[in-house]
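One structure below.
Values below: all heavy atoms of this structure, side chains included; hydrogens, waters and symmetry mates excluded. For clarity, every value in this text was computed on a predicted model and none was experimentally measured.
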Amino acid sequence: MVENLVIVESPAKAKTIEKFLGDSFLVKSSFGHIRDLDKKDFGIDIKNNFTPKYIVSTDKKKVVTELKKLAKEAETVWIASDEDREGEAIAWHLFEELKLKKEKTKRIVFHEITKDAILNAVENPRQIDDNLVNAQQARRILDRLVGFEISPVLWKKVKPSLSAGRVQSVAVRLIVEREREIISFESESFFKVIAQFTITDEKGVEKTLKAELPKRFSTKEETLDFLTSCKNAEYHIDDIVKKPSLRKPAAPFTTSTLQQEASRKLGFSVSQTMTVAQRLYEAGNITYMRTDSVNLSETALNTAKEEITRLHGADYVKIRKYSTKSKGAQEAHEAIRPTYLNKHKVEGESNEKRLYDLIWKRTIASQMSDAKLEKTNIKINISTNEEKFVATGEMIKFEGFLKVYLESTDDEEQKQEQSLLPQVNVGDKLESEFVKAVQNFTHRPPRFTEASLVKKLEDLGIGRPSTYAPTITTVQNRGYVVKESRDGVQRQYEVLNLIDDAIEEETLIQNTGAENKKLFPSDIGMVVTDFLIKHFSNIMNYNFTAEVEKEFDEIAVGKMVWQEMIGKFYHPFHANVEKTLEESERETGERILGNDPKTGKVILVRIGRYGPMAQLGESAEGDEEKPKFASLRTGQHLETITLEEAIDLFKLPRDLGLYEDKKVVVAIGRFGPYVRHDGKFASLHKDVDDPMTIDLERAIVLVEEKREKDRLKHIKSFEEDAELQILNGRWGPYISYQKENYRLAKDIEDPKTLSYEDCLKIIKSAPKKKTSKVAKKAPAKKKAPAKKKATTTKKKTTTAKKKTSTAKK
DNA sequence: CAGTGAGCGAGCTTCCGCTTGACTT
């Protein structure tokens with residue numbers, strides 16, 4: 001029996017707070033939301049003014065029972081969930097579900113977990129804010145209506161099991177539209193001219209000065225004209241301009257910026273970042289990791305000041321207050337920072353250490369002084385020409401925060417060298433070492449990484465810190481988006497070099513367009529997006545969330561009634577759903593590529609029941625012959641596949657001949673190219689075998705390899721039952737029985753010794769299979785391996801190919 | 001596991017946001 005029961009959302013928080021409060025307080029956690037809308041019949045009584053039906057989630061039953069019991073015994077229940085829309089709703093659900101009494105329930109909030117803040121909160125309790133709760137209910141119900149009404153339309157009109165939602169569908173749209181921009185992008189080339197000069201100072205020391213021509217030439221002719229004009233030219237320093245500038249540190253981490261920096265600096269996926277951060281949080285090393293606030297507590301600011309002074313001196317301290325720019329931020333927490341800033345390192349595995357280091361540096365740097373820079377611009381005259389070269393340099397006058405931390409950018413091209421310029425004076429004469437024109441190409445827009453997509457969503461005010469990572473995972477699990485690395489292609493570029501008054505021409509090769517862990521839309525992602533834009537343009541609008549958020553805010557301050565807001569949205573929306581179901585065509589992404597030269601029949605591609613496919617001929621009435629079908633291969637897409645590539649798809653299956661008097665056939669199945677022989681299948685080796693060219697000899701090798709593998713796989717069969725086998729798998733020996741697999745206990749030394757009865761016993765005692773909810777996966781076809789050689793991810797690997805030295809006189 | 005792509009059709013799929021384990025066929 002306790003006097004006071006305090007309920008917070010997170011168990012780690014509960015542990016910390018308990019220390020600050022006396023013995024008369026018991027602190028427990030609700031583990032987030034405890035109730036949600038029923039899944040049956042929408043969980044909303046639409047006809048009855050959208051009355052929601054909430055049920056306790058199955059995984060929360062235990063918590064609720066325990067809290068109920070404790071609440072009954074306690075004299076006062078303090079609900080201390082977060083001070084935002086969701087937190088208020090959690091408080092209300094607790095109040096309702098635990099059947100609390102108003103007079104013995106107190107609602108308290110605090111933004112930082114310090115003794116003072118918490119004691120202060122206890123001194124100033126309030127009531128549950130019904131308006132805020134209603135804003136959350138409106139949010140929840142709107143999302144349910146959108147998701148559960150549109151998804152079934154997709155099942156009917158596109159493909160079963162698909163999903164649509166306010167957040168995920170827009171996330172996919174961003175990726176689809178970016179991909180189309182990239183597909184239609186036409187790169188243009190231009191020539192950039194750089195020059196290298198030497199200058200000898202008074203002491204006779206030779207120094208180098210690199211400069212660039214601001215003007216770009218679009219053709220080779222113009223470039224050559226320019227270079228030719230520079231023959232026998234003299235170069236002088238024309239002008240020197242020095243300009244001071246400041247650079248400010250970035251704000252402390254929020255969830256989104258942490259995900260971005262961990263991606264850029266550490267190569268983490270967004271979900272990996274969150275997992276590692278969670279561990280740091282649970283160990284008490286960092287503050288809460290799901291936040292949109294950039295605010296630091298007074299205590300944190302004070303320790304930052306002390307720590308920076310101690311490490312670098314008082315000159316380096318500049319205490320700053322940052323304010324949130326992102327739309328819809330609710331700021332229930334602090335920014336993500338180390339709990340104790342004087343702790344420079346943590347124990348733990350390497351990723352935890354690295355992420356902590358990043359957080360520590362970012363937090364410290366955010367309270368350090370500006371870096372003072374001096375930018376120098378030197379203009380260089382060309383005696384034979386009106387153009388001027390420009391040399392730029394940047395000098396750090398005072399490091400400030402740069403001593404600790406510099407935020408990275410997503411721009412891969414931006415690796416501007418920090419060149420220190422030599423001391424020169426106006427009028428100095430320069431010797432030209434070379435003037436070189438290099439062919440460059442305009443860049444297509446970049447593909448999204450997981451983290452840059454999160455940034456974009458945050459900029460649009462779509463999604464919350466707790467959902468960024470799950471959303472990114474969902475759109476991949478649904479098969480709308482794939483994360484892939486791809487090799488680039490080789491491209492030639494020209495270099496024209498003026499050395500010793502002669503022009504040398506070279507053609508070099510560079511690798512371009514290589515991608516490392518980028519997001520690509522799948523065909524189904526594109527088709528679904530097109531369908532949704534066509535029929536549900538308002539939901540797909542990038543401003544939809546921002547607009548409904550405005551209304552939620554109105555509800556939160558009591559200026560709008562939530563049922564009215566939902567009603568105004570729902571009725572036209574629902575009518576549109578009905579209309580779409582009735583009138584819209586099936587969306588298949590069909591594209592007619594042309595005609596088969598052999599049969600003259602039409603060849604088209606579209607989404608089929610099992611994914612993207614090509615079709616030869618149509619099932620017209622009166623036409624006896626059925627159309628032929630073939631799945632598209634990995635890397636082929638509805639929007640970009642050519643007629644020739646599609647024709648090739650119909651060249652399979654190929655009959656290779658006989659082996660042991662049985663046919664050997666090569667074809668492509670759900671799991672890629674394979675050889676079939678005597679009812680057995682063997683996969684072709686990736687990147688080695690090509691189903692179009694593989695010969696009988698090689699196919700036999702694969703068949704034999706497969707036989708050997710099967711021999712190794714099989715450990716024991718039983719006469720009693722052919723369906724029961726002991727096999728060797730990726731995780732060691734296991735029992736296979738009636739298409740189900742069962743693991744063996746670790747202490748079994750030799751599985752061969754198991755008897756039939758032993759096996760049945762193991763099967764019986766095996767834990768019940770869970771519902772196959774997690775087992776569901778995107779089509780196997782899309783599961784491209786992320787492996788890629790390290791060298792291919794480098795942007796520019798230039799290798800000289802041929803050297804055509806056609807020096808002009 | 002494996003060449004499917006209509007036919008007959010039951011029953012299922014699905015949202016966003018708040019939390020942490022359980023457990024890798």
Using the test side chain to side chain contact (heavy atoms under 4.5 Å, CB included), find all partners of [X] that sit at least two apart in sequence or belong to another chain.
{"X": "A:Thr254", "result": "A:Ser256, A:Thr257, A:Val294, A:Glu458"}
{"X": "A:Ser10", "result": "A:Ala12, A:Lys13, A:Tyr281"}
{"X": "A:Thr529", "result": "A:Val172, A:Arg173, A:Val176, A:Ile533, A:Met540"}

Handout entry: First of A:Phe681 and A:Leu37 reached from the 5' end of DNA chain B, by closest nucleotide
Key = A:Phe681
Handout entry: DNA chain B: 5'-proximal contact among A:Trp155 and A:Ser169 (nearest heavy atom)
Key = A:Trp155
What pairs with [X] under ring pair (Phe, Tyr, Trp, His ring centres under 6.0 Å), at least two apart in sequence or on another chain?
{"X": "A:Phe31", "value": "none"}
{"X": "A:Phe650", "value": "none"}
{"X": "A:Phe552", "value": "none"}
{"X": "A:His33", "value": "none"}

Would you say the base of [N] and the side-chain of [X] have a donor-acceptor pair closer than 3.5 Å?
{"X": "A:Ser631", "N": "B:dG3", "value": "no"}
{"X": "A:Ser163", "N": "B:dT14", "value": "no"}
{"X": "A:Arg85", "N": "B:dG17", "value": "no"}

Practice task
Could you label the plane-to-plane angle of the A:Phe573 and A:Phe569 rings as parallel, tilted or perpendicular, counting under 30° as parallel and over 60° as perpendicular?
Solution key: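 It falls in the parallel class, under 30°.
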Scan [X] against the nucleic acid and name what it touches under 4.0 Å (heavy atoms): base, sugar-phosphate only, or nothing.
{"X": "A:Val146", "answer": "nothing"}
{"X": "A:Asp36", "answer": "base"}
{"X": "A:Tyr288", "answer": "sugar-phosphate"}
{"X": "A:Pro11", "answer": "sugar-phosphate"}
{"X": "A:Gly87", "answer": "nothing"}
{"X": "A:Gly165", "answer": "sugar-phosphate"}
{"X": "A:Glu149", "answer": "nothing"}
{"X": "A:Leu162", "answer": "sugar-phosphate"}
{"X": "A:Ser683", "answer": "base"}
{"X": "A:Ala164", "answer": "sugar-phosphate"}

Handout entry: A:Tyr54 and A:Gln137: CA distance, side-chain angles, deciding distance, side chain to side chain donor-acceptor pair (under 3.5 Å) verdict
Key = CA-CA 11 Å; A:Tyr54 294 109; A:Gln137 296 203 89; 2.6 Å; yes
Nearest-neighbour nucleotide for the [X] side chain, [options] considered:
{"X": "A:Tyr674", "options": "B:dT19, B:dG3, B:dG21", "answer": "B:dG3"}
{"X": "A:Ser151", "options": "B:dT19, B:dC15, B:dC18", "answer": "B:dC15"}
{"X": "A:Arg144", "options": "B:dC15, B:dG17, B:dT19", "answer": "B:dC15"}

Just the rounded figure in Å: distance from [atom2] of [N] to [atom1] of [X].
{"X": "A:Arg676", "N": "B:dC1", "atom1": "CZ", "atom2": "P", "value": "16 Å"}
{"X": "A:Leu581", "N": "B:dT14", "atom1": "CG", "atom2": "P", "value": "18 Å"}
{"X": "A:Lys628", "N": "B:dA6", "atom1": "NZ", "atom2": "C1'", "value": "19 Å"}
{"X": "A:Arg166", "N": "B:dC15", "atom1": "CZ", "atom2": "P", "value": "13 Å"}
{"X": "A:Gln168", "N": "B:dC16", "atom1": "CD", "atom2": "C1'", "value": "10 Å"}
{"X": "A:Phe31", "N": "B:dA22", "atom1": "CZ", "atom2": "C1'", "value": "14 Å"}
{"X": "A:His93", "N": "B:dG17", "atom1": "NE2", "atom2": "P", "value": "15 Å"}
{"X": "A:Asn477", "N": "B:dT14", "atom1": "CG", "atom2": "C1'", "value": "14 Å"}

Handout entry: Any residue meeting side chain to side chain donor-acceptor pair (under 3.5 Å) with A:Glu96, in chain and number order, not counting sequence neighbours
Key =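 Checked A:Glu96 against side chain to side chain donor-acceptor pair (under 3.5 Å); zero matches.
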Does the side chain of [X] get closer than 4.0 angstrom to OP1 or OP2 of [N] through an N or O atom?
{"X": "A:Ser10", "N": "B:dT20", "value": "yes"}
{"X": "A:Thr467", "N": "B:dG17", "value": "yes"}
{"X": "A:Arg586", "N": "B:dA6", "value": "no"}
{"X": "A:Arg478", "N": "B:dC15", "value": "yes"}

Problem - Those residues that, when tested against A:Glu349, pass salt bridge (Lys or Arg N to Asp or Glu O under 4.0 Å) (two or more places apart) - result: A:Arg279
Exercise for the section: Only one of A:His333, A:Gln330, A:Arg464 passes side-chain hydrogen bond (donor to acceptor under 3.5 Å, both in side chains) with A:Asp292; say which it is. Expected result: A:Arg464
Handout entry: Members of residues 132-142 of chain A that approach DNA chain B, where some heavy atom sits under 4.0 Å away
Key =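 Residues of residues 132-142 of chain A under 4.0 Å from DNA chain B: A:Arg139, A:Arg140.
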Problem - A:Gln476 versus A:Glu450, side-chain donor and acceptor atoms under 3.5 Å - result: yes
List, with names and distances, any nitrogen or oxygen atoms from the protein found under 3.5 Å away from nitrogen or oxygen atoms belonging to nucleotides 7-9 of chain B.
none

Handout entry: Short N-O contact, A:Arg140 and A:Asp36, less than 4.0 angstrom
Key = yes
Practice task
Give a yes/no verdict on base stacking between B:dT14 and A:Phe148: centres under 5.5 Å, planes within less than 30° of parallel.
Solution key: yes
Problem - Range-with-range stems for DNA chain B, at least three Watson-Crick or G-U pairs under 3.5 Å - result: none
